[in-house]
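Inspection log for the structure reproduced underneath, given as structure tokens.
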Amino acid sequence: MHSGLLTRSFRKTYPVAIRGQGVWIYDADGNRYLDFAGSAAVNFIGHGDQRIGAAVTEQLKQLEFVHSSQFVTPIARQFADEVLAFAGPDFSGGAVFFVTGGSEAVETALKLARQYQVEVGQPQRTNLLSRKQAYHGATFGAMAVSGNRKRKQIYEPLLRQFEQVNTPYCYRCAYGCIDCAGKYATEVEDTLSRKGNDTAAFIFEPVSGATLGAAVPPDRYLQLAALTCRAHGVLVIADEVMSGFGRTGRNFAVEHWSVAPDIITCAKGIASGYAPLGAVIANKKVVDAISGGSGSLVHGFTYNAHPISLAAGQAVLAIIRKQNLVCCVDSSEGETGKAMKTQLQRLLECAAVGDVRGLGLLWGVEFVSDKQAKAPFAPSLQFSARVASAAAKRGVMTYPMQGCIDGELGDHLLLAPPAIITSDEIAWAVDQLSAAVNEIHYEVSHP
Ligand code: PMP
């Protein structure tokens with residue numbers, strides 16, 4: 001049936017989602033799906049939570065919107081303080097800028113970094129450093145610092161080119177995992193030795209998101225990279241759009257390695273999908289440079305600090321706290337995180353699963369046609385997309401991606417369920433997933 005809706009693909013028929021409850025999404029045909037990817041690492045508290053509806057309704061009754069050039073609101077002030085506190089002592093004296101999603105958060109962070117450098121008398125810092133195989137968003141600035149080839153390639157002629165270093169990827173480590181933390185950090189050092197005086201900021205995903213499928217960096221790498229940036233006067237931006245707000249078992253993933261960025265970007269989990277919301281958390285150094293310098297941001301969107309989104313975010317954070325969800329998600333201490341880790345390891349029994357990696361409730365499963373050689377499937381086989389369809393037929397939603405090896409080769413799934421998922425639900429989802437992987441593996445091996 002033709003619809004006026006411009007969907008992501010003209011070739012795909014999408015189920016019509018009409019209701020969500022807990023970890024389940026229901027479609028108009030009466031099917032239900034376990035949301036094993038939290039859509040795209042979005043939902044953290046579960047679907048259909050009426051407490052969020054109540055908070056949003058209350059805010060709607062009071063005030064739906066004012067423009068941030070004319071007013072502040074009580075909810076914006078309160079929630080900014082709560083988010084700052086959630087980010088921990090490194091951000092005391094800092095400030096939070098609210099936006100409507102991850103790409104806007106990244107644009108804001110990059111512009112904030114540039115303005116900071118201008119304010120502190122470093123206007124020549126017109127470059128940004130980022131990493132290959134990263135994803136930071138769909139807008140032009142965010143795309144320019146991204147390294148996800150498929151999502152970027154046709155727009156490349158319209159984008160500025162910046163320096164990019166490798167992202168640690170243990171399963172296919174560029175350095176054979178021999179002192180790779182130091183070697184990957186040396187790439188940052190080498191680039192900044194050449195470009196350090198011209199570079200405003202280094203942006204990275206602490207745990208890789210969709211592009212590399214939850215690749216976790218080796219210990220010490222992020223500390224070393226951050227130290228190098230500091231030494232060169234380069235701001236450190238942790239893009240925690242996917243990994244933030246508890247997803248990896250810490251409030252923010254950088255806490256696993258005791259790294260204190262200057263700026264954190266977040267979205268997705270901050271409002272768990274109940275409203276479009278993102279945030280940029282800046283430390284005191286950045287805020288002071290602007291407040292004590294020109295005194296105003298050269299940046300803004302109409303929907304900054306939208307009260308309805310903030311009401312959703314505030315209610316979500318209250319639930320994260322009350323239900324102690326971040327601790328539950330921790331891979332070594334929390335029930336949910338431990339269950340996810342243990343159950344997902346079972347997928348390694350499938351002949352087509354080469355690697356299972358991740359932290360907390362952010363996991364990647366990489367597929368190979370030959371385990372010994374770590375050989376990928378031909379991209380034309382669309383292995384991960386087919387596994388995702390087979391899993392959806394069995395009632396499990398996942399997030400399939402291609403290109404983890406070099407932008408073209410390599411198939412994987414991203415898994416990031418809501419934190420209220422039970423151990424039984426995880427076990428059931430892994431059973432379905434394992435059957436889906438074996439089914440597609442059989443199909444491609446017997447064409
Ligand atoms: N940064 C990261 C790390 C992301 O994972 C994403 C979205 N997948 C974005 C930025 C962009 O966020 P959005 O899609 O909300 O604009």
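Computed from heavy atoms alone, side chains included, the values below leave out hydrogens, waters and symmetry copies. Just so you know, these numbers come straight off a predicted model, no measurement behind them. Start at 1 and go down the list; that is how both ligands and their atoms are numbered.
Under a 4.0 Å N-O distance rule, the pair D90/K285 does not qualify as a salt bridge. For R131 and E205, the salt-bridge test fails: no basic side-chain N is under 4.0 Å from an acidic carboxylate O.
Taking only non-hydrogen atoms, the option from V207, L277, D239 nearest to atom 1 (N) of ligand 1 is D239.
Using modelled atom types, one finds a donor on one side chain and an acceptor on the other under 3.5 Å when comparing E240 with S243. There is a side-chain donor-acceptor pair under 3.5 Å between E107 and T139.
Nearest protein neighbour of atom 9 (C) of ligand 1, counting heavy atoms only, is V241 CG1, 3.7 Å. Nearest to atom 8 (N) of ligand 1 among the protein's heavy atoms is K268 NZ, 3.1 Å.
Heavy atoms of E205 found under 4.0 angstrom from ligand 1 belong exclusively to the side chain. Residue-level proximity to ligand 1 for E104 is absent, since no heavy atom of it falls below 4.0 angstrom.
Atoms of ligand 1 lying under 4.0 Å from at least one heavy atom of H136, given by number and element, are 1 (N), 9 (C), 10 (C). Residue M242 approaches ligand 1 through these ligand atoms, each under 4.0 Å from one of its heavy atoms: 5 (O). Counting atoms of ligand 1 from 1 in the listed order, those under 4.0 Å from a heavy atom of G137 are 10 (C), 11 (C).
Crowding of K284 atom NZ: a count of heavy atoms from other residues, nucleotides or ligands under 6.0 Å not exceeding 12.
Residue S103 has at least one nitrogen or oxygen atom sitting less than 3.5 Å from a nitrogen or oxygen atom of ligand 1, judged on distance alone. The shortest N or O to N or O distance between V106 and ligand 1 is not below 3.5 Å.
No heavy atom of E240 sits closer than 4.0 Å to any atom of ligand 1. Note on ligand 1: G102 sits in its first shell, one or more heavy atoms being nearer than 4.0 Å.
Checked against the 6.0 Å centroid threshold, F377 and F367 do not count as a close aromatic pair. F98 and H306 have their aromatic ring centers separated by at least 6.0 angstrom.
By the 30° and 60° cut-offs, the orientation of the rings of Y171 relative to Y169 is tilted.
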